[in-house]
Novice: 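Please see the structure below; I have some questions.
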Amino acid sequence: MPLVSMKEMLEEAKKNNYGVGQFNLNNLEYAQAILQAAQEENSPVILGVSEGAARYMGGFKVVVKMVEALMEEYGTTVPVAIHLDHGSSFEKCAEAIHAGFTSVMIDGSHYPLEENIALTKKVVELAHIHGVSVEAELGRIGGQEDDLVVDDAEAAYAIPAECERLVNETGVDCFAPALGSVHGPYKGEPNLGFDRMEEVFNLVNVPLVLHGGTGIPTKDIQRALSLGTSKINVNTENQIAQAKRVREVLAEQPEQYDPRKYLGPGRDAIKETVIGKMREFGSSNKA
């Protein structure tokens, strides 16, 4: 099955109150684990790729070719989107689109509203010509993800009226309002703004995106899903699970040097984590 955009899978999720996970790629093992999990769970899936991770793996084209080759080898039949996570500019989004990405996020959240709208609109115009879906962000989501760092003082909740304006004027396919989630591990209990989430969803009526899905309790995930959240991003939890398993293997086998013998179990840990998330988000058997 060829790669697809996020639009249809997220609209379906919104209609039926479940979430599709975006699981970020960091190397080959992540792509293998996530695709295997999606096929076994019969779940749609979004493969998130940050600019830094793309550089690490050899560039946007390398990532697309790797994913497409794995899907061919695995006989993947579930919907798979490959999505640029936190695209920093129109140029980077265009580069990803022309490399074969089927979805992009343009993160203009650090710009004033007018500039964010203008930038996002420009990306949407190009993306939609190519059948590529677009995610935008408003407000500032705290924490660190790859090249993106937002400290607690800079983090800001999205303003509902501004959200409505951005979505209406740009025509984005899904929308990530900053509502209290963070990238990376939480330092305390997550405090999501559910009232504002509901207000934003009622104004914009496009699938909402929850960044920083690691460490959010299941009850909060379920509530977010009931309030229009249809895409949940997970990366840190997979990284922690993989690193833990690799450490365990190397502690048990200190003389081990074959990367397949420790990265393989690490890959299995990622797969287990992704399967658990798909079941929690309700996307299993929704492909």
Side-chain angles (χ1 to χ4, degrees), residues 1-10 20-87 92-105 126-127 129-135 145-146 231 233-235 237-239 241-243 245-246 258-275 277-278 283-287:
M1 183 173 183
L3 290 161
V4 298
S5 88
M6 296 193 306
K7 185 175 176 63
E8 194 172 295
M9 65 172 81
L10 293 186
V20 179
Q22 173 192 299
F23 303 99
N24 281 49
L25 303 186
N26 296 283
N27 59 20
L28 172 66
E29 282 77 18
Y30 280 78
Q32 292 173 323
I34 296 161
L35 288 172
Q36 288 171 6
Q39 189 66 29
E40 287 182 25
E41 286 298 297
N42 192 32
S43 170
V45 70
I46 298 158
L47 307 179
V49 183
S50 69
E51 291 177 15
R55 284 196 302 274
Y56 177 80
M57 289 184 277
F60 292 141
K61 289 179 182 176
V62 173
V63 177
V64 172
K65 295 296 184 190
M66 175 181 71
V67 169
E68 288 177 334
L70 284 173
M71 289 174 67
E72 186 178 342
E73 288 293 326
Y74 292 163
T76 304
T77 58
V78 298
V80 179
I82 187 162
H83 175 73
L84 176 62
D85 194 20
H86 290 284
K92 281 295 174 186
C93 288
E95 188 184 332
I97 290 166
H98 293 308
F101 275 56
T102 57
S103 186
V104 295
M105 175 189 184
L126 174 67
I129 289 170
H130 293 275
V132 169
S133 52
V134 181
E135 173 185 338
E145 181 174 41
D146 211 64
K231 174 176 179 274
N233 294 6
V234 176
N235 185 31
E237 201 158 338
N238 284 332
Q239 292 177 328
Q242 181 203 33
R245 187 72 58 87
V246 169
D258 184 345
R260 294 170 296 178
K261 297 292 171 55
Y262 55 85
L263 291 179
R267 177 183 61 197
D268 294 339
I270 298 164
K271 182 177 168 183
E272 290 165 19
T273 305
V274 172
I275 286 173
K277 289 295 175 185
M278 286 173 168
S283 67
S284 296
N285 294 314
K286 296 294 196 306

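All residue numbers in this chain count up from 1 along the given sequence. No hydrogens, no waters, no symmetry mates; every other heavy atom, side chains included, goes into these values.
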Novice: Examine distances only and state if a side-chain atom of E29 and a backbone atom of G264 form a donor-acceptor pair shorter than 3.5 Å.
Specialist: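 Not a single qualifying donor-acceptor pair exists.
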Novice: Quick check on E8: does its CD atom have over 12 non-hydrogen neighbours (other residues, nucleotides or ligands) under 6.0 Å away?
Specialist: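 Counting neighbours around CD of E8, 12 or fewer heavy atoms of other residues, nucleotides or ligands fall under 6.0 Å, so no.
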Novice: Using 0.5 Å steps for rounding, measure from the CG atom of L126 to the CD1 atom of I97.
Specialist: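 Rounded to the nearest 0.5 Å, the CG-CD1 separation comes out at 4.0 Å.
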Novice: Could you report the tightest heavy-atom contact between L70 and A31, atom names first, then the distance?
Specialist: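 For L70 versus A31, the nearest heavy atoms are CD1-CB, 3.6 Å.
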Novice: How long is the straight-line distance from CE of M278 back to CD1 of I34, given to the nearest 0.5 Å?
Specialist: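 Taking CD1 in I34 and CE in M278, the distance rounds to 8.0 Å.
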Novice: Sort out for me which residue in H86, M6, Q22 forms a side chain to side chain contact (heavy atoms under 4.5 Å, CB included) with M105.
Specialist: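 Running side chain to side chain contact (heavy atoms under 4.5 Å, CB included) over H86, M6, Q22 with M105 returns exactly one hit, H86.
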Novice: Check whether any side-chain heavy atom of N235 sits under 4.5 Å from a side-chain heavy atom of N26, and report yes or no.
Specialist: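 They are in contact (side-chain heavy atoms under 4.5 Å apart), so the answer is yes.
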Novice: Which heavy atom in I46 sits nearest to a heavy atom in M9, and how many Å separate them?
Specialist: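 Looking at all heavy atoms of both residues, the shortest contact is CG1-SD, 3.8 Å.
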Novice: How far apart are the closest heavy atoms of P44 and A287, and which atoms are they?
Specialist: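 Answer, listing the atom of P44 first, then A287: CD-N, 3.8 Å.
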Novice: Specify the closest pair of heavy atoms between A81 and T102, including all atoms of both residues, with the distance to one decimal.
Specialist: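 Answer, listing the atom of A81 first, then T102: CA-OG1, 3.5 Å.
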Novice: Which heavy atom of I275 sits nearest to which heavy atom of A37, and what is that distance?
Specialist: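 Closest pair (atom of I275, atom of A37, distance): CG1-CB, 3.7 Å.
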Novice: Any side-chain heavy atom of L28 within less than 4.5 Å of one from L263?
Specialist: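 No, too far: nothing below the 4.5 Å cut-off.
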Novice: Please step through salt bridge (Lys or Arg N to Asp or Glu O under 4.0 Å) for the pair E237 and K277, ending with a clear verdict.
Specialist: CA-CA 10 Å; E237 201 158 338; K277 289 295 175 185; 3.1 Å; yes
Novice: How about N238 and Q242: do any of their side-chain heavy atoms sit closer than 4.5 Å?
Specialist: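 N238 does not reach Q242 side chain to side chain.
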Novice: So do F60 and L84 actually touch side chain to side chain, heavy atoms under 4.5 Å?
Specialist: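 Yes; the side chains approach each other to less than 4.5 Å.
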Novice: Which heavy atom of A96 sits nearest to which heavy atom of V104, and what is that distance?
Specialist: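 Smallest heavy-atom distance, with atoms named: CB-CG1, 4.2 Å.
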Novice: Could you tell me if the side chain of V67 sits less than 4.5 Å from the side chain of L25, heavy atoms only?
Specialist: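 L25 vs V67: side chains touch.
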Novice: Does Q239 form a side-chain contact (heavy atoms from CB on, under 4.5 Å) with Y30? I'd like the steps, not just the answer.
Specialist: CA-CA 9 Å; Q239 292 177 328; Y30 280 78; 3.4 Å; yes
Novice: Are L3 and M71 close enough that some pair of their side-chain heavy atoms sits under 4.5 Å apart?
Specialist: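 Touching, per the 4.5 Å side-chain cut-off.
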Novice: Would you call E41 and V274 a side-chain contact if the rule is heavy atoms closer than 4.5 Å?
Specialist: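 They are not in side-chain contact.
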Novice: Does L47 form a side-chain contact (heavy atoms from CB on, under 4.5 Å) with L35? I'd like the steps, not just the answer.
Specialist: CA-CA 9 Å; L47 307 179; L35 288 172; 4.2 Å; yes
Novice: Would you check if K231 and V20 make a side-chain contact, meaning some heavy-atom pair closer than 4.5 Å?
Specialist: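 Not in contact.
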Novice: To the nearest 0.5 Å, what is the distance between NE2 on H98 and SG on C93?
Specialist: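 Going from NE2 on H98 over to SG on C93, the span is 11.0 Å.
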Novice: How many angstroms lie between CD in Q32 and OH in Y74, if you round to the nearest 0.5 Å?
Specialist: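 Atom-to-atom, Q32:CD and Y74:OH are 4.0 Å apart.
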Novice: Please round to the nearest 0.5 Å and tell me the distance separating atom OG of S50 and atom CE of M57.
Specialist: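 Rounded to the nearest 0.5 Å, the OG-CE separation comes out at 7.0 Å.
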Novice: Within a radius of less than 6.0 Å around OH of Y56, do more than 12 heavy atoms belonging to other residues, nucleotides or ligands occur?
Specialist: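 Counting neighbours around OH of Y56, 12 or fewer heavy atoms of other residues, nucleotides or ligands fall under 6.0 Å, so no.
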